[in-house]
Amino acid sequence: MKTLADHYDAHAAALRYYPEWEAGGVFHADPAAAGEPYCIVIPPPNVTGNLHMGHALNNTLQDVLIRYKRMDGYNVLWLPGTDHAGIATQWVVERQLRAQGIERRDLGREKFLECVWEWKDHSGGNIVRQLKRLGVSCDWSRERFTMDEGLSRAVRENFVRLYEEGLIYRATRLINWDPIGLTALSDLEVETEENVQGEIWSFAYPLADGSGEIVVATTRPETMLGDTAVAVHPEDPRYAHLIGRFVQHPFVDRLIPIVGDAILVDMAFGSGAVKVTPAHDFNDHEVGVRHNLPMISIFTNDGKVNENGGIYAGLDRFEARKRVKADLSALGLFRGRQDHVMTLPRSQRSGAVVEPMISTQWFMRMKPLATPAVGAVEHGFTTFWPDQWKNTYFSWLRDVKDWCISRQLWWGHRIPAWHCAACGHVTVGRADPTECSKCGSADLKQDEDVLDTWFSSALWPFSTLGWPEHSADLARWYPTSVLMTGFDIIFFWVARMMFMGLHHMGQVPFKDVYIHGLIRDEHGDKMSKTKGNVVDPVEAIDRVGVDAFRMTLTALAGLGRDILWSEKQVDSWSRFVNKVWNAYRFTHMHVTERPAAEAPPLGLYDRWILARLGTCVRNVREALDGYRFDLAASEIYAFTWYEFCDWYIEFSKSALYGEDGPAKTAARYTLWTVFHALARLIHPIMPFFGEELWRELPGNEHAGTGMIQPYPRAGDFPGDPAVLREVGYLQEAIIAVRRIRSEKNLASKVPLVAVNAGVLTGMYAGQAAALKALANVSVTTGERPAQAAVVVVAGEELWVNLEGVLDTSKERERLEKEIEKLDKSISFLQSRLGNEAFVAKAPPHLLAKSRAELQGEVDKRASLQAALLAL
RNA sequence: UGGCACGUAGCUCAGUGGAAGAGCACCGCCUUGACACGGCGGUGGUCGCCGGUUCAAUCCCGGCCGUGCCAACCA
């Protein structure tokens with residue numbers, strides 16, 4: 001007999017099996033292999049990042065699917081990789097250099113990039129090592145990086161094609177500017193800070209002809225330096241006559257027109273007049289465009305007032321605000337202030353207050369790209385899980401503005417455009433040009449900017465598979481099967497992959513998009529460093545083992561729900577590993593070799609547990625197919641714990657501890673068979689544990705790894721309804737007896753005897769051993785034996801009656817109410833359908849609970865109660 | 001302001017147009033030869049509120065209240 005350790009050693013298993021799997025090439029995908037393709041391309045983590053709980057969830061769930069499909073015979077590829085994460089990475093390195101007193105600009109572009117690459121090489125392997133500790137079965141031979149050679153080529157190809165198609169263009173626009181990061185930002189990289197305490201500050205512009213004034217209000221008084229209009233509603237009786245006249249700017253020599261604009265101005269708000277700063281406000285900018293106003297920039301890139309700000313030039317934005325207010329007040333133009341709660345746009349990365357600035361940037365034309373991306377989801381080529389996220393996707397794409405793709409950074413894909421010093425023409429090409437494509441001048445200078453980091457991410461599902469080459473991988477695995485990610489990057493990433501995939505490949509990049517929730521702490525708060533409630537997944541793995549850790553994540557991953565992570569949950573789900581291990585040890589005590597392939601004649605309980613196993617397998621598959629990870633986990637948990645351990649193992653003991661014979665053979669076969677399936681069934685969720693169970697299963701010494709065994713099929717374990725019914729009744733009988741015991745305070749060693757209990761003596765005589773073993777109740781006929789401590793009431797259908805023993809009047813009331821309700825339903829359905837159709841169609845419990853039966857039950861319970869009290 | 005979710009046992013969550021479920025917590029009993037990281041039994045819920053549809057609603061529909069998220073935001 002093989003002795004197993006008291007406890008499963010998750011760490012030892014991980015150390016042993018992962019290298020074996022890698023060395024054995026079982027993660028490796030072959031496009032020529034058989035099977036329906038199944039592919040996931042990993043959402044690439046930041047190359048210099050560390051594994052956090054979000055990654056842990058994201059990758060555990062992907063691995064569950066990947067392993068399930070791989071075992072199920074699909075030709076599976078899980079392609080891993082990392083992202084260069086433009087601003088984020090540059091920011092980290094800049095900060096490190098600054099700590100050494102080195103500024104990026106002093107270093108120069110070349111040197112700085114060397115530093116970034118160094119940093120990437122130094123800390124870039126971390127996240128991959130941590131992913132491996134999770135047990136993820138990626139094909140590491142295909143690992144990619146957004147700035148590797150192939151992907152850089154894809155980025156360039158994409159840029160050139162879109163440029164040639166007129167979908168990428170250069171223009172001077174009002175854009176979001178980060179005055180600390182010194183770069184343009186896309187709309188998405190701007191975050192709004194809520195509930196900022198601010199003020200609305202009012203002041204007057206004197207009319208140029210001295211005939212009066214017009215009062216405007218603003219949260220940013222300093223922007224008045226760039227005002228080029230005052231807008232009023234054209235139908236406002238207070239101001240309509242002023243349209244076309246001018247006010248005098250108090251600080252700069254400028255006459256400002258009063259314009260009528262019904263779109264911007266709300267007559268009912270404030271004074272009904274609005275100052276217009278077209279160069280530093282998006283709404284005002286539109287007014288400027290509509291009325292052909294001058295757009296005067298008043299800020300430098302680092303957020304100081306420029307030469308257009310007259311005497312304020314050189315002041316920081318916020319300093320200028322104070323001075324402008326003071327000076328306006330001094331001129332007697334201040335007209336009041338009130339507190340105002342507002343929102344503030346901040347750079348996602350640097351935290352700087354974003355300044356809208358007029359700037360020349362590269363843009364991607366979105367309308368022609370977005371329309372097919374909307375259609376693809378509308379027509380079901382891609383499905384969101386849960387479904388409601390498609391609304392988020394639609395609402396953004398339907399209203400999307402052109403995407404500012406250039407960044408004034410150094411870390412990233414440099415824009416493949418060359419400016420001609422001679423004629424100003426821009427040459428864009430797949431190869432670096434030597435001369436201007438217009439005038440032929442060789443005096444070319446490459447554009448200084450790099451592309452938004454999401455520009456390369458948008459190509460990820462096909463660039464990683466080899467695009468723009470027509471690779472075998474691309475042909476085999478595009479479109480991919482599912483994209484798994486968080487809701488926060490539906491805009492940033494999902495939508496962009498959709499339109500780029502559709503544009504270049506003519507097909508959606510993935511058939512399903514699974515959106516998982518956020519991992520929060522046990523109180524439902526977001527994890528954050530400042531709150532100190534961040535859970536480190538690596539620490540959690542060290543503590544409970546990777547299998548238990550993954551089981552917890554999987555079990556908590558409900559569709560469309562955030563996860564509240566707590567040690568309690570982890571401990572609770574971890575215990576499952578121990579429970580299974582002990583059942584496994586029990587099996588090893590009784591089963592030392594692989595049973596004959598042909599099943600021996602099986603007993604009632606053997607057939608029962610195998611039927612339940614079949615149901616479990618079906619439910620697990622259904623759950624996984626519908627991305628219900630939580631249900632898959634709890635299905636396995638419930639079957640194993642409550643049916644296999646609590647019932648089957650107890651049932652099987654009398655055979656296993658009894659004499660050799662068919663019953664023992666059958667029980668051994670059954671134990672082995674359950675674990676043979678269970679080892680595979682749990683594998684996707686708990687791969688190391690599953691592998692250990694598989695390898696240590698008697699007779700599996702040469703069976704190879706469990707991770708490529710066929711996933712169990714429900715059809716392998718057919719069920720017989722009669723068997724399920726019989727065992728169901730038996731369980732009820734046992735439960736009822738136990739309950740009496742507990743209520744009457746009878747120790748389990750006190751033997752009970754059931755006399756003339758029809759159900760037990762007749763139908764279930766064959767299960768007497770189980771009744772004795774599990775409830776210590778013997779079944780007999782005839783007189784009440786004197787030696788029995790208590791005689792359980794005899795009669796028909798004892799299993800029901802026993803339950804009735806504990807009836808209270810409350811229970812009786814409930815039953816009577818139910819009778820009333822059912823009575824009505826039954827008579828209605830009978831009169832409408834006719835009795836025969838009713839019997840054929842009505843749900844079983846309606847039939848069973850006909851009035852007479854229920855009434856009989858109520859009566860019976862009452863009399864039983866009386867009988868019992870009399871004992 | 002708009003959109004989307006959510007509201008089921010003390011807590012975290014499943015669930016269904018036809019007899020309310022799990023885990024944790026709690027209360028008893030039990031160290032029985034896989035497991036005390038265990039076993040057995042139990043307490044606990046007008047399934048947010050109000051209407052409607054239906055023979056029947058926790059489930060479908062409408063309204064309301066509460067919570068969360070996303071998006072737009074008024075100078």
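Values below: every heavy atom of this structure, side chains too, minus hydrogens, waters and symmetry copies. Labels below follow one simple rule: chain letters A, B, ... track the order of the sequence lines, proteins then strands, and each chain is numbered from 1. What you are looking at is a predicted structure, and each value in this text was computed from that prediction instead of being measured.
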Item to complete: Kindly say if A:Arg628 contacts the phosphate of B:G15, meaning a side-chain N or O under 4.0 Å from OP1 or OP2.
Response: yes
Item to complete: Measure from the side chain of A:Asp630, starting at C-beta and using heavy atoms only, and say which of B:A75, B:A14, B:G39 lies closest.
Response: B:A14
Worksheet entry | Nearest-neighbour nucleotide for the A:Lys275 side chain, B:C73, B:A75, B:C74 considered | B:A75
Fill in: Proximal nucleotide (of B:A75, B:C40, B:C35) relative to the A:Asn578 side chain
B:C35
Fill in: N or O in side chain of A:Trp641 less than 4.0 angstrom from B:G39 OP1/OP2
yes
Worksheet item: What integer distance in Å separates A:Arg337:CZ from B:A75:P?
Response: 14 Å
Response to the item:
Among the nucleotides B:C74, B:G23, B:C4, whichever has the atom closest to the side chain of A:Phe269 is B:C74
Worksheet entry | Positions of residues 557-573 of chain A (non-hydrogen atom under 4.0 Å from RNA chain B), listed by number | A:Arg561, A:Leu564, A:Lys568, A:Gln569, A:Ser572
Worksheet item: Which nucleotide in the list B:A22, B:A75, B:C69 gets nearest to the side chain of A:Tyr642?
Response: B:A22
Worksheet entry | Ring centroid separation A:Trp581 to A:Tyr584 under 6.0 Å | yes
Worksheet item: Between the base of B:C73 and the side chain of A:Thr343, is there a donor-acceptor distance below 3.5 Å?
Response: yes
Practice prompt. Taking only the side-chain heavy atoms of A:Arg575 (C-beta and beyond), determine which of B:A14, B:G39, B:G38 contains the nearest atom.
Written response: B:G38
Worksheet, complete the sentence: Testing B:C35, B:C70, B:G33 for proximity to the side chain of A:Lys579, the answer is B:C35
Discussion item. For B:A75 and A:His340 - does any side-chain N or O of the residue sit under 4.0 Å from the phosphate oxygens OP1/OP2?
Written reply: yes
Practice prompt. Remember a base hit wins even if backbone is also touched, and classify A:Leu631 as base, sugar-phosphate or nothing at under 4.0 Å, heavy atoms.
Written response: sugar-phosphate
Worksheet item: Base, sugar-phosphate, or nothing for A:Ala217, non-hydrogen atoms under 4.0 angstrom?
Response: sugar-phosphate
Response to the item:
A:Asn619 atom CG is separated from B:G21 atom P, nearest whole Å, by 18 Å
Practice prompt. Compare side-chain N and O positions of A:Arg739 against OP1 and OP2 of B:G41 and report whether any pair is under 4.0 Å apart.
Written response: no
